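Presented below is the structure to which this report refers.
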Amino acid sequence: MKRPVIIALDFPTAEQALTFLDQFPAALHVTVKIGMELFYAAGPAIVKAVQDRGHAVFLDLKLHDIPNTVEAGMRVIGQLGVTYTTVHAAGGHVMLAAAKRGLVAGAASQGLPAPKLLAITQLTSTNQTILNEDQQIAGTVQQSVVHYADLAKRSGCDGVICSAQEVAAIHSAVGSDFLGITPGIRPASAQADDQQRVMTPVAAAKAGSNGLVVGRPITRASAPVNAYQQIVQEWSGQ
Ligand SMILES: O=c1ccn([C@@H]2O[C@H](COP(=O)(O)O)[C@@H](O)[C@H]2O)c(=O)[nH]1
């Protein structure tokens with residue numbers, strides 16, 4: 001399976017997002033992540049606008065609600081033709097299974113393949129102190145992430161969102177066919193911003209990551225296409 005470098009299209013308007021994206025030739029067929037900022041501003045129309053340009057969409061809305069509400073939300077997402085979408089593992093087994101059911105039903109209603117369902121484990125902005133003190137979860141971040149990966153797999157998810165620091169442990173605990181898609185990616189020269197658990201593209205590749213999510217190191221670069229291609233080269237050169 002292709003291991004994508006996914007560009008986080010974190011912009012406040014459709015116009016800004018598409019102006020940015022149009023620097024990337026359609027022939028590159030990039031995968032872009034549309035998160036809450038852009039989706040709340042521009043809705044399903046922005047998903048279609050990206051797809052019409054020949055690019056794939058990862059719709060990252062991180063659903064977390066009662067099972068019935070998540071299932072209904074996922075049924076709608078399943079109709080949008082996206083490649084990946086997200087749900088919070090912390091919602092538990094019943095909610096995760098409902099998410100999968102809704103996604104599969106929504107996609108089937110349009111004759112589409114079901115998007116890959118990825119469970120958020122511990123956000124890459126979470127560190128040991130936030131885990132133990134704010135969330136009142138004992139143990140290490142890695143233990144919590146691996147626990148959520150196991151739960152997500154048993155609940156029908158296709159993979160998880162985690163830091164590249166945890167991918168090897170996840171693959172050894174639940175199998176290497178379970179996707180570990182990793183934000184918190186920073187080239188060696190880049191600042192971490194609000195990310196706590198970071199890795200370079202090269203280190204993420206060596207750790208076995210199944211796909212990178214990269215936002216600001218590309219979107220805020222002076223030459224975004226070059227920045228993207230540099231990351232792809234580092235990542236796929238491994
Ligand atoms: O644990 C998570 C889950 C999602 N994200 C998202 O990925 C990008 C990362 O952007 P950067 O600018 O490269 O930090 C962003 O859209 C987050 O919402 C994450 O970072 N960590």
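The first residue in the sequence is number 1, and the count goes up from there. On a predicted model such as this, the values are computed, not experimentally measured, just so you know. Read the numbers this way: they start at 1 and go in the same order the structure lists the ligands and their atoms.
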Side chains of residues 6-16: which donor-acceptor partners sit under 3.5 Å, not counting sequence neighbours?
unit_1 : atom_1 : unit_2 : atom_2 : d
Thr13  : OG1    : Gln16  : N      : 3.0
Thr13  : OG1    : Gln16  : NE2    : 3.2

In order of chain and number, which residues sit within 4.0 Å of ligand 1 by heavy atom?
Ala8, Asp10, Lys33, Lys62, Leu123, Thr124, Ile161, Pro183, Arg186, Gln195, Val213, Val214, Gly215, Arg216, Pro217

Here's a test for you: under side-chain hydrogen bond (donor to acceptor under 3.5 Å, both in side chains), which of Gln142, Gln122, Arg197, Gln143 qualifies with Glu166?
Arg197

Pairing residues for Phe58 by the ring-ring contact (aromatic ring centres under 6.0 Å, His included) criterion, not counting sequence neighbours
Tyr84

Show me, pair by pair, the donor-acceptor contacts under 3.5 angstrom made by side chains of residues 170-181, not counting sequence neighbours?
unit_1 : atom_1 : unit_2 : atom_2 : d
His171 : NE2    : Phe178 : O      : 3.0
His171 : NE2    : Asn210 : OD1    : 3.0

Ion pair check, Asp158 and Lys153, cut-off under 4.0 Å
no

Are any of the side-chain heavy atoms of Asn226 and Gln230 separated by less than 4.5 Å?
no

